[in-house]
Amino acid sequence: MQTLIQQVLNALQLGSVYALIALGYTMVYGIITLINFAHGDIFMVSTYVAFFVGTALMSQLLHLPGIVVFVLTMLAAMFATALLAVLIERFAYKPLRQAPRVSAVITALGVGLFLENFTLATIGPDPRFLPKFFPVQTFTVGGVAFSNVQIVIIAVSAVVMLLLDTIVRRTMVGMAMRAVSWDKFTAPLMGVPVDRIISITFAIGASIAAIGGTLFGMVYTVDPYMGIRIGWWAFISAVVGGIGNIRGAMLGGYILGFVEIFTPVILPASTYRDFVAFSLLLVLLIFRPYGILGRPVAQKV
Amino acid sequence: MPVLQIRGLTHYFGGLRAVHDFNLDLEPGELVGIIGPNGAGKTTVFNLITGVYRPTEGEILFNGHNLVGKRSDQIVSLGIARTFQTIRLFKNLSVLDNVRIARFARMSYGVPAAMFRLPKYVREEAQTRERALELLDLMGLSEQATWVASSLPYGLQRRLEIARALATEPRLLLLDEPAAGMNPGEIAELMDLIQWIRRRFDLTIILIEHQMRVVMGICERIKVLDFGETIAEGTPAEIQNNPRVIEAYLGEEAVA
Amino acid sequence: MKQPSFSFLSRILAPLRAAYESLPPSVRRWTMPVLLVIFFIVALFSPAFINLYWQQVLIYVGINIILAASLNLVNGYMGEFSVGHAGFMAVGAYVASILTVWVFPRWGWGEYIPYLFPVALLVGGLAAGLTGLVIAFPSFRTRGDYLAIVTLAWNMIVKSVLENIDAIGGPRGFMGMQKLTSVAWVYVWVVITIYLLRNLVYSNFGRGTLSIREDEIASSLVSVDTRKVKITVFVVAAFFAGIAGGLFAHIIQFINPRSFSILKSTDVLVMVYLGGIGSLGGSILGATVYTVLLELLRPLQVWRWVVGPLLLVLLMIFRPRGIMGMQEWRFLVPREERVETLAALMERIRRKGEAVAAPAPVGGSSD
């Protein structure tokens with residue numbers, strides 16, 4: 001029982017990160033129906049930003065409390081990654097908006113590989129660790145051990161997701177996003193600045209990934225290829241939940257978190273987790289191609 | 001015996017009723033028109049006949065074959081061909097290829113025969129090439145056989161779409177607003193063309209059309225749809241004098 | 001399909017071409033077979049005058065041509081977006097390797113392995129072709145982005161399964177293959193692949209494949225059995241990817257699941273789109289240029305891996321159809337499908353044509 005609760009906590013922690021990244025995939029898909037395969041690598045870049053900023057702040061401004069450094073680091077990562085995403089959109093995707101859909105998807109794949117290999121070439125393959133922003137404390141309640149870091153990850157993610165859901169449903173920007181996603185030809189006629197809304201979507205998606213990146217970096221190591229695996233898993237989360245659907249992405253993220261943590265419990269080795277995740281994806285796509293919360297799109301004849 | 005028998009054809013899109021209780025008996029060689037305002041369900045009827053949608057209710061019999069539940073390509077190879085409201089040619093392919101693709105079901109060689117250029121492949125391909133070119137010649141498109149389809153002028157694209165439909169060797173041809181976007185000269189030419197192919201290929205034709213001139217000019221029988229319901233049926237003269245039709249459809253024109 | 005117009009090249013070669021065209025057709029017929037045989041002899045004796053390194057580069061060029069041409073069938077001709085070609089390659093590589101390393105020796109055929117190599121490759125190809133069905137069936141229901149995800153998942157699953165089968169080395173990989181792949185073998189397989197694919201492309205199935213790319217619904221409404229075409233295309237493409245995998249395994253002599261990751265698939269994608277979609281000539285060109293380019297960039301070390309992706313992005317933005325998208329080299333077009341042959345045939349038909357033609361079109365048209 002205790003190990004079960006322990007595992008559930010672990011799954012929630014991992015699922016939170018997947019969900020945060022999945023949101024970026026799903027938002028971009030929702031608005032311009034592009035699978036932004038570079039998103040996982042944008043997440044990777046965010047962890048590097050967090051690493052450099054965090055390390056610099058911790059070494060020079062020691063008098064700042066850890067929690068402040070943590071927040072500053074996260075904000076820096078969010079800003080830098082949002083900027084990167086907007087630039088990518090502007091220079092790589094925007095020219096292709098009228099081109100066949102496939103062109104943009106291939107471009108996204110290319111951008112992702114570029115980011116990976118560029119990071120590899122400039123920073124090198126060695127794994128890095130984010131500095132400890134605050135001392136890790138472990139609590140034990142009824143035999144279940146959990147750390148303050150774990151709580152921070154789960155709580156911050158939940159708050160961010162609630163916030164995003166509110167933004168999309170209740171604010172003008174959110175309404176504009178939904179308008180563009182619904183009909184990008186009519187939206188400009190209603191005075192919605194489509195280009196700016198698309199940029200904002202990329203920026204929000206990337207900054208949420210950066211939040212996920214900073215949180216992720218507090219627990220795991222950072223390397224140039226981390227975006228591939230985490231990115232794919234987040235991407236599967238988005239598809240499982242129904243790509244284009246924000247709540248679907250959150251749900252999918254947690255589902256994949258549970259898949260990852262519980263696969264080794266059921267199957268002999270953790271190496272099966274990719275197999276399980278992708279099989280899940282394949283089966284789901286065959287029987288429910290639009291994901292758990294997604295809606296089918298009618299074909300016009 | 002009728003070529004086509006449609007009984008109680010009904011189709012819903014979600015909660016929206018697109019076609020309700022549509023019935024039609026088509027004798028061989030007939031030319032029947034379907035008219036009605038936009039959204040009346042005309043194209044949906046075509047989509048149901050050709051297997052693009054599966055009807056919610058009703059049955060469609062074509063020469064004794066039940067079409068409900070069959071795939072589009074199976075239905076087409078039984079002898080039903082159609083054109084589209086908005087031209088749907090294979091734009092980047094040649095005019096000749098557009099026509100040859102429509103002979104897919106009429107060719108019997110398999111993949112290995114194609115890959116190894118077996119005699120059967122060579123024979124059938126030569127035959128198809130020739131028949132397709134003959135058809136293009138017949139339809140007045142011989143000059144343009146090697147052109148890319150999208151480079152044809154609009155009128156000829158319409159013509160190619162009809163040629164492509166004919167290449168499937170249909171018994172029944174469904175024409176979906178063939179006169180859309182045409183000028184009066186082209187419309188007159190199209191009317192001649194439709195009557196000519198009917199005789200030449202011994203066809204039964206259903207024609208959906210907005211242009212009253214076309215329908216009234218060449219159809220023997222007309223069905224009028226409105227909101228998915230059949231509101232009138234009869235000869236052009238009867239339809240023109242039917243008060244319900246005038247109200248639902250010809251209303252504005254009659255007043256003007 | 002149009003023939004390419006390399007105006008610069010054709011101007012230089014014009015006199016040569018004129019001289020060639022003046023030869024009688026009965027002589028010209030033999031040009032291609034003779035050239036192929038000459039090249040084969042050159043390939044056969046190439047180890048005598050090409051160093052080991054460039055032999056290897058040539059072999060990679062050949063393998064990549066097979067990969068690119070077969071993927072082009074799916075992505076270029078059919079207009080689907082498969083990202084999982086390396087998955088099929090992996091199946092072919094492992095099956096062929098297991099045959100030459102375990103099965104043949106165990107059956108006491110050890111000494112004949114060099115002669116049995118084609119058999120191993122074919123079996124590997126067939127196994128890969130069979131797995132092509134895994135993608136073909138989902139493609140009936142989904143297309144576009146979703147099918148891309150299916151192919152991607154397929155690639156990941158293959159890799160993951162291979163990592164978990166300990167008997168074939170798991171993540172450590174599989175080795176013990178002899179160096180059976182030679183320039184001559186690769187050359188033969190490239191010629192076979194291109195010949196068979198070219199025949200397929202210019203057949204009924206090839207036209208059906210193109211029509212699916214152009215408009216799938218319209219294509220089924222002019223009698224194309226889209227399921228049959230999709231099965232054909234995915235199985236054939238997977239088959240050749242499997243062949244390429246077998247050749248690959250027997251040149252590097254060590255394979256592990258990571259050799260067939262999504263990165264490998266992306267490499268093939270770059271070659272296809274660099275060369276041009278819907279063109280076998282394009283794939284030959286794309287695979288050659290990209291492979292040689294990467295070799296020439298070797299001094300750049302890790303930086304050279306930045307080149308491929310960057311190239312892909314720039315290509316998509318500035319030349320999405322690739323070097324020769326939708327165009328074909330003349331020698332790859334079957335004689336009876338060349339424009340002048342068709343024109344001559346049309347002329348003959350027109351002359352014997354019926355007096356009663358359809359009402360003629362009125363001049364040009366409205367727009």
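Everything numeric here is computed off the predicted structure, so don't read it as measured data. Numbered from 1 within each chain, the chains take letters A, B, ... in sequence-line order.
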Distance alone, cut at 3.5 Å: any donor-acceptor contact between the side chains of Tyr154(B) and Arg158(B)? yes
Is it the case that Arg82(B) places NZ or CZ above or below the six-membered ring of Phe46(B), under 6.0 angstrom from the centre and within 45 degrees of the axis? no
Are Arg164(B) and Phe90(B) in a cation-pi setup, meaning NZ or CZ lies under 6.0 angstrom from the ring centre and within 45 degrees of the ring axis? yes
Greatest number of heavy atom pairs closer than 4.5 Å to chain B - which of Asp215(C), Val236(C), Leu342(C): Asp215(C)
Report the option among Leu200(C), Thr226(C), Asn199(C) that has the most heavy-atom pairs separated by less than 4.5 Å from atoms of chain B. Asn199(C)
With a 4.5 angstrom heavy-atom cut-off, is it the side chain or the backbone of [X] that approaches chain C, or both, or neither?
X         : value
Tyr109(B) : both
Leu96(B)  : side chain
Arg71(B)  : side chain
Ala145(B) : side chain
Glu130(B) : both

Heavy-atom pairs under 4.5 Å with chain C - which of [options] has more of them than the others?
options                                    : result
Thr168(B), Leu193(B), Ile101(B), Asn98(B)  : Ile101(B)
Ala114(B), Ser77(B), Ser142(B), Ala165(B)  : Ser142(B)
Val111(B), Thr128(B), Thr50(B)             : Val111(B)
Glu134(B), Gln195(B), Arg100(B), Arg103(B) : Arg100(B)

Looking at [X] and [Y], what are the two nearest heavy atoms and their distance?
X         : Y         : answer
Pro55(B)  : Leu9(B)   : CB-CD1, 3.6 Å
Leu196(C) : Met115(B) : CD2-O, 3.2 Å
Cys219(B) : Val32(B)  : SG-C, 4.0 Å

Contacts of type side-chain hydrogen bond (donor to acceptor under 3.5 Å, both in side chains), residue Glu143(B), not counting sequence neighbours: Arg350(C)
Between Tyr121(B) and Phe116(B), ring centroids under 6.0 Å: no
Considering only heavy atoms, which portion of Ser211(C) lies under 4.5 Å from any heavy atom of chain B: side chain, backbone, both, or neither? both
